[in-house]
Amino acid sequence: MIILVINCGSSSIKYQLLDMKSDDIYSLLAKGIVEKIGLPMGSISHTPAGKDKIVRELPIEDHKVGMQLVLEELVHPEHGVLKSFDDIEAVGHRIVQGADFFSGSAIVNDDVMEKIRICCDFAPLHNPAHILGIKAMQQVLPSVPQVVVFDTAFHQTMPPYNYMYGLPYRYYTDYHIRKYGAHGTSHQFVAQKGAKMVGLDINNSKIITCHLGNGSSITAVQDGKCHDTSMGFTPLAGPIMGTRCGNIDPNIVPYIMKKEGLTPDQMTELMNKKSGFLGLSGYSSDVRDLNVKAEEGDQRAKLVFKVFTHEVIKTIGAYIAEMSGVDLIVFTAGIGENNARLRRRVCENFAFLGLAFDYETNAAAHGDAIISLPDSKIKVAVVSTNEELVIARDTMHLVQEAEE
Ligand code: ADP
């Protein structure tokens, strides 16, 4: 089944076209990104599998025009990978927030759209853009089924004692304030793949998945289901991130707002865009930049790395305690997959529990790898995440079920 996977932001559309033969047998036909939608000049970078990237710059008025451009590239007479639009059998959309409406993926209909719209309140930066993307796709491919796959769905198995906050109960009943988590498709994918790699039965396992990228979240996965996760009502909670502050004493928020006369929107921007590695270092949100600075002796860049490492260690420690043990720790995403030093520093702290670390494999690992020694009581793996594949699999299953 040929499936177009869409990840739509407010001014961008990331896409992949996959030919799915089965869950594990598939090929990537093309991928790309449309950027700067609605600005005077936009662009599309399109890469057909095995060929060079093609970049076109042109004004892209709205998401519908962006989707049309994507389709044009896919059927382009020279570098196209499809003969016609009709070859696309389904579209799968990534949706950041599905709240407690969705514990799994769904085929788009009016009811589903209304619920995604209600969830805009909890993800004001993301869900409105996803709605634009779905509507644009419905206009350009009206007869193709559309499926929505939620970042929050995997976390819906959390027990109430892990998702409730210590606020008056009515804020939960009136405003749905509770922990929802994020990066769920990634946590689910790497937990399953990591378990397979080390020969663990996922249905009888304790796994901690560390998705460490620009945004970072850590999840306790017990018997294949989410038991707890570090992101909260929004993706601001958890360890310190690229530009997000992560967990802070909540009283700091009104304190800064009063001191500096900030509005709620300005404070939200400060905590989401100007904090984290960027705010603490005063330099960059990117760990690669900070590594260069730290090697030059910059104390604040070193401090950022220490704060991050220790927050990851503390969260893993808490989840080991919560699940009363751990069989496997998985590292994924930009930092988790590429930063051997971070993995080493984190894992060394769990040597007292019998984690025997494979320093050599760790230093060389970039793709999938097992970085614990064979006799380690706790296994450790690096797994490349692939959220698009999860979206394509779910889309394929739902569309096939609907056809039966
Ligand atoms: P996002 O959450 O936006 O998808 P990523 O998962 O790409 O972000 O993570 C971005 C972070 O990962 C940055 O701090 C960056 O330094 C780090 N990173 C990404 N790729 C590499 C790499 N090849 N080598 C070292 N660090 C990397």
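The basis for the numbers below is simple: all heavy atoms, side chains too, and nothing from hydrogens, waters or symmetry mates. First listed ligand is number 1; within each ligand, the first listed atom is number 1.
The pair Lys83-Asp87 fails the salt-bridge criterion, with no side-chain N (NZ, NE, NH1 or NH2) lying under 4.0 Å from an Asp/Glu carboxylate O. In this structure, Arg117 pairs ionically with Glu114, as a charged nitrogen and a carboxylate oxygen lie closer than 4.0 Å.
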Legend entry - Working for salt bridge (Lys or Arg N to Asp or Glu O under 4.0 Å), residues Asp151 and Arg94: CA-CA 7 Å; Asp151 274 15; Arg94 176 206 179 199; 2.6 Å; yes
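At a 3.5 angstrom cut-off on N or O pairs, Ile335 counts as close to ligand 1.
A ring pair (Phe, Tyr, Trp, His ring centres under 6.0 Å) with Phe233 is found for exactly one of Phe122, Tyr163, Tyr172, namely Phe122. Each of Glu322, Met323, Gln222 was evaluated against Asp228; a single residue qualifies, Glu322, per the side chain to side chain contact (heavy atoms under 4.5 Å, CB included) test.
Listed by atom number, the atoms of ligand 1 under 4.0 Å from Ala333 heavy atoms are 6 (O).
Residue contacts with ligand 1 include Gly215, since one of its heavy atoms falls under 4.0 Å from the ligand.
Closest protein heavy atom to atom 1 (P) of ligand 1: Asn214 CB, 3.6 Å. In terms of protein heavy-atom proximity, atom 15 (C) of ligand 1 is closest to Asp286 OD1, 3.3 Å. Of all protein heavy atoms, the one lying nearest to atom 14 (O) of ligand 1 is Val287 N, 3.0 Å. Looking at atom 6 (O) of ligand 1, its nearest protein heavy atom turns out to be Gly334 N, 2.8 Å.
Distance check, rounded to the nearest 0.5 Å: CD1 of Ile95 to CZ of Phe150 gives 5.5 Å.
With sequence neighbours excluded, no residue forms a salt bridge (Lys or Arg N to Asp or Glu O under 4.0 Å) with Glu61.
There is a protein heavy atom closer than 4.0 angstrom to atom 20 (N) of ligand 1.
When Leu342, Asn339, Asn338 are checked for heavy-atom proximity to atom 22 (C) of ligand 1, Asn338 turns out nearest.
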